[in-house]
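Worksheet for the structure shown next.
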Amino acid sequence: QVQLVESGGGLVQPGGSLRLSCVASGSIFSISVMGWYRQAPGKQRELVATISNGGSTNYADSVQGRFTISRDSAKNTAYLQINSLKPEDTAVYLCNAAVRTRAYSPAVFSYWGLGTQVTVSS
């Protein structure tokens, strides 16, 4: 089994910053892609940013230039630095990882964390 645990969310004023962390643990041989998604009340889950094991990143247009994704592969950890927060960034932020659990099997499984709440309000 693989567990993902997010942390770092909170209540912040517009224009503020937060740094989210996602730690993966359990039966992990390797992780190819780690990503952050978010889901606001009444809305569908949407991609925020992803990062490959080679460091290639991808961002949603709505966060480009304000959010930065990074990872520490040795620690199976991904980070999301979020700056210049806006009220519309309010959501539960969820971490996702594409995990290979066995050295002898190429199968990759997708795992999700439970999320961390980010609320942007004055």
Side-chain angles (χ1 to χ4, degrees):
Q1 265 293 8
V2 175
Q3 298 80 39
L4 273 63
V5 178
E6 303 95 334
S7 62
L11 173 63
V12 64
Q13 292 186 340
S17 298
L18 286 172
R19 189 188 193 215
L20 308 184
S21 298
C22 168
V23 180
S25 62
S27 300
I28 299 171
F29 174 72
S30 65
I31 301 176
S32 54
V33 179
M34 298 189 77
W36 287 95
Y37 293 72
R38 66 186 181 185
Q39 188 162 18
K43 295 187 178 181
Q44 289 189 330
R45 186 174 298 182
E46 63 174 355
L47 169 73
V48 174
T50 62
I51 184 167
S52 71
N53 53 6
S56 296
T57 58
N58 178 55
Y59 295 93
D61 290 342
S62 60
V63 307
Q64 185 78 41
R66 299 188 296 123
F67 291 16
T68 303
I69 189 171
S70 60
R71 68 188 281 179
D72 183 336
S73 294
K75 296 181 179 179
N76 291 327
T77 299
Y79 305 96
L80 186 69
Q81 178 67 41
I82 48 181
N83 299 326
S84 303
L85 279 160
K86 305 175 182 180
E88 52 264 40
D89 294 319
T90 295
V92 175
Y93 284 70
L94 303 108
C95 180
N96 176 267
V99 181
R100 184 177 165 187
T101 58
R102 296 288 185 265
Y104 53 80
S105 172
V108 175
F109 301 94
S110 178
Y111 293 93
W112 290 90
L114 295 179
T116 185
Q117 176 71 45
V118 172
T119 302
V120 185
S121 175
S122 55

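Keep in mind that this is a model prediction, so the values were computed, not measured.
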Indicate if [X] and [Y] have the same hydrophobic cluster label, given that clusters are the connected sets of ILVMFWY residues with side-chain heavy-atom separations under 4.5 angstrom.
X: Val63; Y: Val33; value: no
X: Leu47; Y: Leu94; value: yes
X: Leu20; Y: Ile31; value: yes
X: Trp36; Y: Leu18; value: yes
X: Val23; Y: Ile82; value: no

[X]: which residues meet the side chain to side chain contact (heavy atoms under 4.5 Å, CB included) condition with it, sequence neighbours left out?
X: Ser110; value: Asn96, Trp112
X: Ser70; value: Tyr79
X: Asp89; value: Arg38, Arg66, Phe67, Leu85, Lys86, Tyr93, Val120
X: Ser122; value: Pro14

Checklist entry - Does the pair Ile28 and Tyr111 meet the rule for a side-chain contact (heavy atoms from CB on, under 4.5 Å), with working shown? => result CA-CA 11 Å; Ile28 299 171; Tyr111 293 93; over 6 Å; no
Item to check | Side-chain donor-acceptor contact under 3.5 Å, Asn53 with Ser32 | outcome: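 Checked: Asn53/Ser32 side chains show no N/O donor-acceptor pair below 3.5 Å.
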Item to check | Sequence neighbours excluded, every pair satisfying salt bridge (charged side-chain N to carboxylate O under 4.0 Å, His left out) that has a member inside residues 9-31 | outcome: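 Matches after skipping sequence neighbours: none remain.
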Item to check | Criterion side-chain contact (heavy atoms from CB on, under 4.5 Å) on Val99 and Phe29, from CA distance to verdict | outcome: CA-CA 7 Å; Val99 181; Phe29 174 72; over 6 Å; no
Checklist entry - What heavy-atom pair brings Ala40 and Ala91 nearest, and what distance separates the two atoms? => result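 Looking at all heavy atoms of both residues, the closest pair is N-CB, 3.8 Å.
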Checklist entry - Can you name the closest pair of heavy atoms from Pro106 and Arg100 and give their distance? => result CA-NE, 4.0 Å
Item to check | side-chain contact (heavy atoms from CB on, under 4.5 Å) evaluation trace for Cys22 with Arg71 | outcome: CA-CA 9 Å; Cys22 168; Arg71 68 188 281 179; over 6 Å; no
Would you mind writing out the side-chain donor-acceptor pairs for residues 1-13 within the sub-3.5 Å range, not counting sequence neighbours?
from	atom 1	to	atom 2	distance (Å)
Glu6	OE1	Leu114	N	3.2
Glu6	OE1	Gly115	N	2.9
Glu6	OE2	Cys95	N	2.7
Glu6	OE2	Gly115	N	3.2

